[in-house]
Each structure stands twice: as C-alpha cells, then as structure tokens.
Chemist: 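Here you go, one structure.
Bear in mind the structure is a predicted one, so any value in this text is a computation, not a measurement.
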Amino acid sequence: MTFKTNRRKFLAGTAAATAGLLAAPAILRAAETIKLDISHYLPPTHGIEVDMLRPWAEELREKSNGQVDFEIHNVSSAYGRLDRQADQVRAGVVDVGFGLAGIPRGRFPHTSVIELPFVVERAEAGSRALWELYQTGQLGGEYDGFKVLGLMTHHGALFHTVDRPIKQLSDLKGLRIRSPGPAVNAMLEFEGASAIGMPPSQIYEALQKGALDGVATTWDLVGAIKLNEVLKYHTDARVYAAAFYIVMNQDTYNGLPENVRTIIDETTGEAWQSKIGPWWDKWDAAGKQDAIDRGQEIIVIDDATRDQWRQQLEPMINSYLDGLKSEGVEDPQKLYETTRELVQKYQS
C-alpha cells in the first residue's frame with residue numbers, strides 16, 4: 001500500500017477521503033510506504049538539489065529502512081514556479097518546498113530584514129542568525145501553518161553587469177537590474193536603478209536581448225545558469241544576502257509515524273547549519289572561476305568602502321524599516337538591530 005501524499009490528495013481526493021486518510025491509525029500508516037513530494041525552482045544539477053535536498057531525502061529513506069520514499073520536482077516540472085513554492089506546500093500540492101523568501105513580495109516581511117544591505121557577508125552567520133530569530137519567535141507568525149525544516153541565507157552577493165562596471169553605488173543609476181526581493185529592490189531604486197523581479201530561468205535571455213543590464217545575485221546563480229556568457233563585469237561588494245526557506249506541510253508532518261517525524265527533526269534545522277557555509281563556498285566557486293577563465297573584470301570593494309556605502313544607504317534602510325510596520329512588523333528597528341547583532345555574533 002502506498003501512502004498518498006498531500007499533492008495527490010489535493011488533486012484527486014475529496015475532503016472526506018482526506019479526513020479518512022489522516023484519521024488512519026499510526027500503526028497502520030507505519031507499515032505503508034510514505035512518498036514525499038519535494039519541490040524547488042532550480043535546475044536538477046543545482047547544489048540545492050544535488051548537495052542538500054536529495055541527500056537529505058536519501059538519508060530519510062535509509063534511516064527509515066525504506067519506509068519513506070520521495071520524488072523531487074525541479075524548475076522544469078509543473079511544481080517548479082519560484083513564486084508558488086510556499087503556496088503549494090501550504091495547500092498540500094507538494095509536501096516539502098524550497099523557496100526564496102523575497103518572492104512573491106510581502107510574504108515574509110520579518111525575514112526580509114536580514115536581506116538589507118551589508119547585514120550578512122557570510123552564509124553561515126546569516127543562516128544561524130535567521131534560524132535563531134525563528135527559534136526565538138522573532139519572525140512573527142509568517143511561518144505559521146508550516147513545519148519549518150530550515151532557513152538560510154547565501155554569502156554576500158555581487159552586482160554583475162553587461163556594459164557598465166559598478167565601482168560606486170551611483171554607477172547603478174539608470175540600469176535595469178534583476179533583484180531577488182523587496183529589500184534589494186529598495187536599495188536599487190534608492191540609487192536610481194530599476195529593480196526587476198524575474199525567475200532565474202528568464203534571466204539569461206533578458207540579459208542577452210538587452211531587457212536587463214545586470215543582476216544582483218551570487219556567483220552560484222551566475223554559474224548555474226551560465227550568465228558569464230553574456231556578462232562582463234562583477235562587483236564583489238558582499239552587498240546583501242537573500243533568505244531561503246525549506247518548509248513542510250504541517251498536516252503532512254503531523255500525519256507521519258512518530259519514528260519518521262523524529263528522523264526529520266534530527267536531520268533538518270540545526271543539523272543543516274554547519275553545512276551551509278561549505279555548501280555556498282562550493283556553489284559559488286564554479287561561477288567565479290568561470291569569470292576568471294573568461295578574463296572578465298572582477299571589482300572587489302574593500303571593507304572601508306563597504307562601510308561608506310552602508311552609511312550612504314542609511315536613509316533607504318530606515319525608510320524600508322518604517323514601511324514594514326504596515327506589513328505587520330511591530331518594531332522593525334529593534335528587529336534590524338537584533339539581526340545585525342546576531343549576525344556579528346556568529347560571524348566572529
């Protein structure tokens with residue numbers, strides 16, 4: 001007998017059938033094969049699947065002695081839309097989803113504070129800070145209804161451009177830059193750039209056709225979708241870090257046998273934290289090396305200049321924080337200060 005996932009129940013079942021399945025005794029479900037549907041918005045060759053999601057799912061299968069099986073749905077599937085990852089987990093269309101917290105806009109406003117300029121330079125510090133904020137209840141209720149398996153950031157990201165090198169923030173003026181979320185949007189617009197929201201699968205063509213002038217992103221994404229074929233300049237300012245979530249449908253989790261829930265708890269969350277920095281080191285390396293091999297210009301912004309840029313952006317940061325009050329963040333300034341303190345604690 002196969003344990004029907006929430007995705008199949010959503011597509012084919014009635015409310016009565018769903019209730020009947022969830023009411024099945026745990027001892028009966030423990031004898032079934034439990035298949036989890038896991039989705040993300042990246043190519044199947046990306047490190048998120050190769051190094052994180054697939055090894056975790058395989059570990060779950062091994063530790064449950066085959067009680068749990070899985071299927072991963074990547075960007076090429078019907079479940080690979082960037083802007084739908086959280087929604088389809090909440091609805092039970094898939095059981096587990098990996099997504100970018102900034103898209104769609106306004107979904108995770110507390111989380112967006114960690115994406116503000118010059119808060120995070122290293123993924124391990126940003127990820128541990130974000131996880132502590134969640135664990136201590138400082139991210140509001142924006143993850144209510146989910147079993148949160150993990151939260152993380154990437155390393156501080158860069159500006160990558162086609163025709164204009166970015167050596168000062170003022171060089172962004174007039175450019176159309178792909179942005180991963182509202183905090184980065186605000187920074188770009190403050191400097192006179194146009195912030196463009198766009199899934200990774202569309203970026204290459206937009207750069208190639210001149211619909212974009214550049215991207216604000218990691219070396220990792222540049223390498224994963226071959227953007228160095230159309231880019232020329234890379235400004236390594238470690239300017240921001242995007243936040244990501246890995247969430248599970250709460251009803252799916254609650255309906256699992258106790259031993260499977262225990263395995264999930266022991267293999268996610270804190271268990272991932274020590275791996276995040278090395279993962280991003282590995283993922284970023286390929287994109288950077290490709291740019292070096294192509295002879296492209298890499299402009300490294302030193303710490304003193306980064307601090308000057310942060311001061312220059314203070315009015316934008318304060319304005320962004322004020323705007324979060326209307327999105328349900330009770331004390332954005334306090335959350336910002338706490339976030340920076342936690343990042344610094346883990347950075348050191």
Side-chain angles (χ1 to χ4, degrees), residues 100 102-106 109 112-121 153-200 202-222 225 227-243 287-288 291 294-324 332 336:
L100 182 61
I103 297 177
R105 180 188 176 96
S112 75
V113 170
I114 207 164
E115 300 184 329
L116 283 166
F118 304 110
V119 172
V120 173
E121 186 169 356
T153 73
H154 56 53
H155 289 327
L158 304 83
F159 297 121
H160 310 266
T161 50
V162 177
D163 293 317
R164 183 192 301 175
I166 306 301
K167 298 182 178 180
Q168 298 293 333
L169 284 176
S170 58
D171 292 332
L172 291 165
K173 186 174 182 179
L175 297 184
R176 297 158 298 175
I177 305 291
R178 186 267 184 180
S179 168
V184 183
N185 292 355
M187 174 184 65
L188 291 168
E189 290 166 359
F190 183 77
E191 291 298 329
S194 297
I196 310 295
M198 184 178 294
Q202 297 176 14
I203 297 172
Y204 185 103
E205 185 177 6
L207 288 168
Q208 189 178 48
K209 292 185 175 181
L212 282 178
D213 300 301
V215 293
T217 191
T218 57
W219 282 118
D220 161 67
L221 186 61
V222 165
I225 57 178
L227 297 186
N228 283 331
E229 293 179 1
V230 287
L231 295 167
K232 295 177 185 174
Y233 305 102
H234 311 271
T235 301
D236 185 1
R238 290 86 68 209
V239 67
Y240 78 92
K288 183 176 183 179
R294 293 172 183 271
Q296 296 176 348
E297 184 175 355
I298 299 174
I299 302 148
V300 179
I301 305 301
D302 61 31
D303 288 342
T305 304
R306 290 178 74 249
D307 191 56
Q308 292 173 8
W309 286 14
R310 187 188 64 77
Q311 294 176 39
Q312 185 176 333
L313 290 167
E314 277 188 2
M316 164 258 141
I317 293 170
N318 291 332
S319 176
Y320 184 84
L321 292 171
D322 285 343
L324 289 180
Y336 174 65

Chemist: Starting at CZ of Phe118, measure out to CD of Glu314 and round the result to the nearest 0.5 Å.
Modeler: 11.5 Å

Chemist: Under the criterion side chain to side chain contact (heavy atoms under 4.5 Å, CB included), which of Pro117, Ser179, Pro180 is the partner of Tyr240?
Modeler: Pro180

Chemist: Looking only at heavy atoms, which two atoms of Thr153 and Ala241 are closest? And how far apart?
Modeler: CB-CB, 4.0 Å

Chemist: Please report the interatomic distance NE2(His160) to CD1(Ile203), rounded to the nearest 0.5 Å.
Modeler: 10.0 Å

Chemist: Show the nearest heavy-atom pair for residues Ile177 and Ala193, with the distance to one decimal.
Modeler: CG1-CB, 4.4 Å

Chemist: Measure across Glu121 and Arg306 and return the closest heavy-atom pair with its distance rounded to 0.1 Å.
Modeler: OE1-NH1, 3.6 Å

Chemist: Side chains of Asp213 and Val162: closer than 4.5 Å at any heavy-atom pair?
Modeler: no

Chemist: Hey, does Leu321 have a side-chain heavy atom less than 4.5 Å from the side chain of Leu116?
Modeler: yes

Chemist: Look at atom CD of Gln311 and say whether more than 12 heavy atoms of other residues, nucleotides or ligands are closer to it than 6.0 Å.
Modeler: yes

Chemist: To the closest 0.5 Å, what do you measure between OG1 (Thr161) and CG (Leu212)?
Modeler: 12.0 Å

Chemist: Please lay out, stage by stage, how Ile299 and Phe159 fare under the test side-chain contact (heavy atoms from CB on, under 4.5 Å).
Modeler: CA-CA 10 Å; Ile299 302 148; Phe159 297 121; over 6 Å; no

Chemist: With rounding to the nearest 0.5 angstrom, report the CG to NE2 distance, Leu227 to His234.
Modeler: 9.0 Å

Chemist: Is the closest side-chain heavy-atom distance between Glu191 and Gln312 below 4.5 Å?
Modeler: yes

Chemist: Would you sort out whether Ser112 and Tyr320 count as a side-chain contact (heavy atoms from CB on, under 4.5 Å), showing the intermediate values?
Modeler: CA-CA 10 Å; Ser112 75; Tyr320 184 84; 2.7 Å; yes

Chemist: Decide salt bridge (charged side-chain N to carboxylate O under 4.0 Å, His left out) for Arg238 and Asp303; before the verdict, give the C-alpha distance in whole Å, the side-chain angles of both, and the deciding distance to 0.1 Å.
Modeler: CA-CA 10 Å; Arg238 290 86 68 209; Asp303 288 342; 3.4 Å; yes

Chemist: What distance separates Leu158 CG from Leu231 CG, expressed to the nearest 0.5 Å?
Modeler: 11.0 Å

Chemist: Do Lys232 and Arg294 make a side-chain contact, defined as non-hydrogen atoms from C-beta onward lying under 4.5 Å apart?
Modeler: no

Chemist: Under the criterion side-chain contact (heavy atoms from CB on, under 4.5 Å), I'd like the reasoning laid out for Trp309 against Leu169: C-alpha separation, chi angles, the key distance, then a yes or no.
Modeler: CA-CA 7 Å; Trp309 286 14; Leu169 284 176; 3.6 Å; yes

Chemist: Side chain of Thr235, backbone of Ile166: donor and acceptor closer than 3.5 Å?
Modeler: yes

Chemist: Of all heavy-atom pairs between Gly210 and Arg176, which one has the smallest distance, and what is that distance?
Modeler: O-NH2, 2.6 Å

Chemist: Between Glu189 and Ala195, which heavy-atom pair has the shortest distance, and what is it?
Modeler: OE2-CB, 3.9 Å

Chemist: For residues Gly214 and Leu207, report the shortest heavy-atom separation together with the two atoms involved.
Modeler: N-CD2, 3.7 Å

Chemist: Looking at CD of Glu115 and NE2 of His154, how far apart are the two atoms once the value is rounded to the nearest 0.5 Å?
Modeler: 7.5 Å

Chemist: Going through the checks in order, is the side-chain contact (heavy atoms from CB on, under 4.5 Å) test met by Tyr233 and Asp171?
Modeler: CA-CA 12 Å; Tyr233 305 102; Asp171 292 332; over 6 Å; no

